[in-house]
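Take a look at the structure below.
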Protein chains: 2
Amino acid sequence: MTAAAPADDRGAREVGRRIRSLRTERGISLSELARLAGVGKATLSGLENGVRNPRLETLYAITAQLGVPLTAVLSAPGEAPTVRGTAVGATLLEVFDDREATYELYRMRVDPGPAQLSPAHSSGVTEHVTVFSGVLRAGPVDAPLTAGPGGYLRWTSDVPHTYAAVGEEEVHASLLLRYPRPSTPDT
Amino acid sequence: MTAAAPADDRGAREVGRRIRSLRTERGISLSELARLAGVGKATLSGLENGVRNPRLETLYAITAQLGVPLTAVLSAPGEAPTVRGTAVGATLLEVFDDREATYELYRMRVDPGPAQLSPAHSSGVTEHVTVFSGVLRAGPVDAPLTAGPGGYLRWTSDVPHTYAAVGEEEVHASLLLRYPRPSTPDT
DNA sequence: CCGTGCCGTTCCGTAAACGGAACGGTCGGA
DNA sequence: TCCGACCGTTCCGTTTACGGAACGGCACGG
């Protein structure tokens with residue numbers, strides 16, 4: 001199938017896949033979601049299969065019913081990685097400032113191949129990684145840790161550390177950097 | 001029918017306003033942007049004035065020409081919480097689809113006060129929380145876990161679970177939901 | 001003073017997304 | 001075994017966003 005996809009602007013297909021994922025996660029049928037969202041079954045079917053260019057209104061009705069913002073189903077393909085290295089690409093998703101620390105939340109991708117080294121950060125900085133797919137080997141260069149899908153790694157990054165994908169599959173993960181605030185500058 | 005505004009799903013108007021802003025910021029005319037993006041002037045005009053429900057494809061062509069991601073003209077960042085309960089508010093930051101599982105990454109805030117209960121999810125779903133600030137008590141109702149700033153919690157959420165802020169400080173955290181894929185529907 | 005060029009809007013025929021109905025397939029109970 | 005309910009896909013007439021062309025308005029130059 002899909003020999004000649006009628007309307008694949010290579011974004012529509014991914015959007016469809018995400019919607020289908022969100023729907024099946026919730027355990028509801030296509031028919032039911034279509035009814036709840038007030039759209040036709042044909043519309044939703046074609047949308048999930050990536051054979052339609054949905055109107056914004058349609059997407060909005062569906063994502064609202066799924067309880068997610070529009071941005072959650074729209075791929076950000078042209079998005080330039082914030083950090084880029086030989087093997088690691090990371091996109092900054094959010095920054096959170098607290099009195100005690102600053103957090104930076106990244107989506108990280110590690111390509112197969114040689115490990116990438118990262119210099120030591122300032123004292124007290126910790127890194128938290130949750131692996132989505134692939135197998136990641138990361139941590140201090142002298143004592144790296146390994147985690148597969150769903151796994152969690154944490155280390156203090158005040159020493160040089162390394163990232164590497166184990167095997168041929170590229171690794172997707174969330175990376176959280178925690179920078180403790182050196183002192184509390186009163187406002 | 002056709003009240004005054006034919007197509008104001010209160011999103012289309014804002015989208016149009018943002019596009020017009022981005023265009024005028026760059027000092028280019030409507031006609032020129034339409035030509036560069038490969039869309040008709042009528043299309044862009046109607047879109048900026050919020051009298052059309054654009055197709056995803058159209059929006060993509062225009063935002064690409066403006067050099068901004070699609071998300072830039074849709075919902076503003078820091079939008080209303082996606083999930084809202086008595087004590088917990090969460091915003092979906094990203095969805096990641098893997099062959100084995102789907103991940104949803106949220107920014108979560110838990111207000112002080114009574115704990116909020118969450119029903120059981122389907123089997124195999126795990127929740128991963130990294131606390132930014134405050135002290136969080138969360139997990140299965142019969143065996144909740146506790147973590148402070150920088151701490152990490154993980155539990156399987158196929159049983160009813162609870163979230164609560166310990167003390168008077170509101171809790172900020174990242175929440176990662178992992179939904180194992182029940183089966184492999186596509187090729 | 002009027003022609004020229006570009007602006008943004010409006011008109012109009014066409015292409016495509018839309019909703020409703022019909023279809024084949026699967027599951028569970030009588 | 002049969003029947004009914006529901007699933008997701010496909011067909012089809014309707015609605016509507018689409019691009020091209022024509023329009024009025026404004027600024028500049030001859």
Side-chain angles (χ1 to χ4, degrees), chain A residues 1-9 11-13 15-66 70 73-74, chain B residues 1-9 11-13 15-66 70 73-74 182-187:
Chain A
M1 63 178 77
T2 73
D8 67 337
D9 44 317
R13 294 187 67 94
V15 170
R17 282 172 48 89
R18 290 209 179 83
I19 289 177
R20 175 157 290 183
S21 293
L22 289 169
R23 176 174 65 78
T24 54
E25 278 167 19
R26 287 161 175 71
I28 65 178
S29 66
L30 185 148
S31 308
E32 187 172 2
L33 177 58
R35 183 175 48 80
L36 290 172
V39 305
K41 295 199 298 180
T43 300
L44 184 53
S45 175
L47 209 169
E48 289 191 353
N49 290 324
V51 296
R52 282 199 190 183
N53 284 310
R55 286 194 270 143
L56 184 58
E57 185 183 24
T58 306
L59 266 185
Y60 192 83
I62 293 170
T63 55
Q65 191 52 233
L66 288 170
L70 263 176
V73 301
L74 294 172
Chain B
M1 356 349 213
T2 64
D8 67 339
D9 44 316
R13 294 184 69 93
V15 170
R17 282 163 45 90
R18 290 207 183 86
I19 290 177
R20 177 158 288 183
S21 293
L22 289 169
R23 176 174 64 79
T24 53
E25 278 172 16
R26 287 163 176 69
I28 64 177
S29 67
L30 185 150
S31 308
E32 187 172 2
L33 177 57
R35 184 175 46 79
L36 290 171
V39 305
K41 294 200 295 180
T43 299
L44 184 52
S45 174
L47 208 170
E48 288 191 354
N49 291 324
V51 297
R52 281 199 192 182
N53 285 306
R55 284 193 269 146
L56 185 59
E57 186 183 26
T58 305
L59 265 185
Y60 192 84
I62 292 170
T63 56
Q65 192 53 231
L66 288 170
L70 255 180
V73 300
L74 297 175
S183 64
T184 307
D186 71 335
T187 59

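Computed from coordinates, the A:Leu47 CG to D:dG8 C1' distance equals 14 Å when rounded to whole Å. Rounding to whole angstrom units, CG of residue A:Asn53 and C1' of D:dC18 are separated by 12 Å. Remark: P of D:dC7 and CG of A:Leu44 are 12 Å apart, rounded to the nearest angstrom. The distance from atom CZ of A:Arg55 to atom C1' of C:dA16 is 10 Å, rounded to the nearest whole Å. Here D:dT15 presents its P atom at 15 Å from CD of A:Glu57, a figure rounded to the nearest Å. The CG-C1' distance, from B:Leu56 to C:dA17, rounds to 13 Å in whole Å. If you take CD of B:Glu48 and C1' of D:dA17, they are 16 Å apart, rounded to a whole angstrom.
Checking the phosphate oxygens (OP1, OP2) of D:dT10, no side-chain nitrogen or oxygen of A:Ser45 falls inside 4.0 Å. Checking the phosphate oxygens (OP1, OP2) of C:dG19, no side-chain nitrogen or oxygen of A:Arg52 falls inside 4.0 Å. Phosphate contact (OP1/OP2 of D:dT9, side-chain N/O of A:Asn49, threshold under 4.0 Å): present.
Residues A:Leu56 and B:Leu56 are not in side-chain contact: their nearest non-hydrogen atoms beyond the backbone lie 4.5 Å or more apart. Between A:Arg23 and A:Arg20, some side-chain heavy-atom pair lies under the 4.5 Å cut-off.
Between D:dC18, C:dC7, D:dA17, one nucleotide has an atom nearer to the side chain of B:Thr58 than all others, and that is D:dC18. For B:Ser29, taking side-chain heavy atoms from C-beta onward, the closest of the listed nucleotides C:dC7, D:dA17, D:dG8 is C:dC7.
Atoms CG and CG, on B:Leu70 and A:Leu74 in that order, are 5.5 Å from each other to the nearest 0.5 Å. Once rounded to the nearest 0.5 Å, the distance linking CG of A:Leu30 with CD of A:Glu48 reads 5.0 Å. Separating the CD1 atom in A:Ile28 from the CG atom in A:Leu36 is a distance of 6.0 Å, to the nearest 0.5 Å.
Considering every non-hydrogen atom in both A:Val73 and A:Arg18, the closest pair reads O-NH1, 3.5 Å.
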Output a table of nitrogen or oxygen pairs between the protein and nucleotides 13-15 of chain C separated by less than 3.5 Å.
none

Look for any protein N or O under 3.5 Å of an N or O in nucleotides 24-27 of chain C and output each such pair with its distance, or none.
none

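Partners of B:Ser29 according to the side chain to side chain contact (heavy atoms under 4.5 Å, CB included) rule, which considers only residues two or more places apart in sequence or in another chain, are B:Ser31, B:Glu32. Residues satisfying the side chain to side chain contact (heavy atoms under 4.5 Å, CB included) test with A:Thr58, not counting sequence neighbours, are A:Val39, A:Thr43, A:Leu47, A:Arg55, A:Ile62. Listed by chain and residue number, A:Ser21, A:Leu22, B:Thr102, B:Glu104, B:Tyr179 satisfy the side chain to side chain contact (heavy atoms under 4.5 Å, CB included) test with A:Glu25 (two or more places apart in sequence, or in another chain).
Judged by distance alone, the side chain of A:Arg26 and the main-chain N or O of A:Leu66 form a donor-acceptor pair under 3.5 Å.
Using a 4.0 Å heavy-atom cutoff across all strands shown, B:Thr43 reaches at least one base atom of the nucleic acid.
Taking every heavy atom of residues 30-42 of chain B and every atom of DNA chain C, pairs under 4.0 Å involve B:Leu30, B:Ser31, B:Lys41, B:Ala42, by number.
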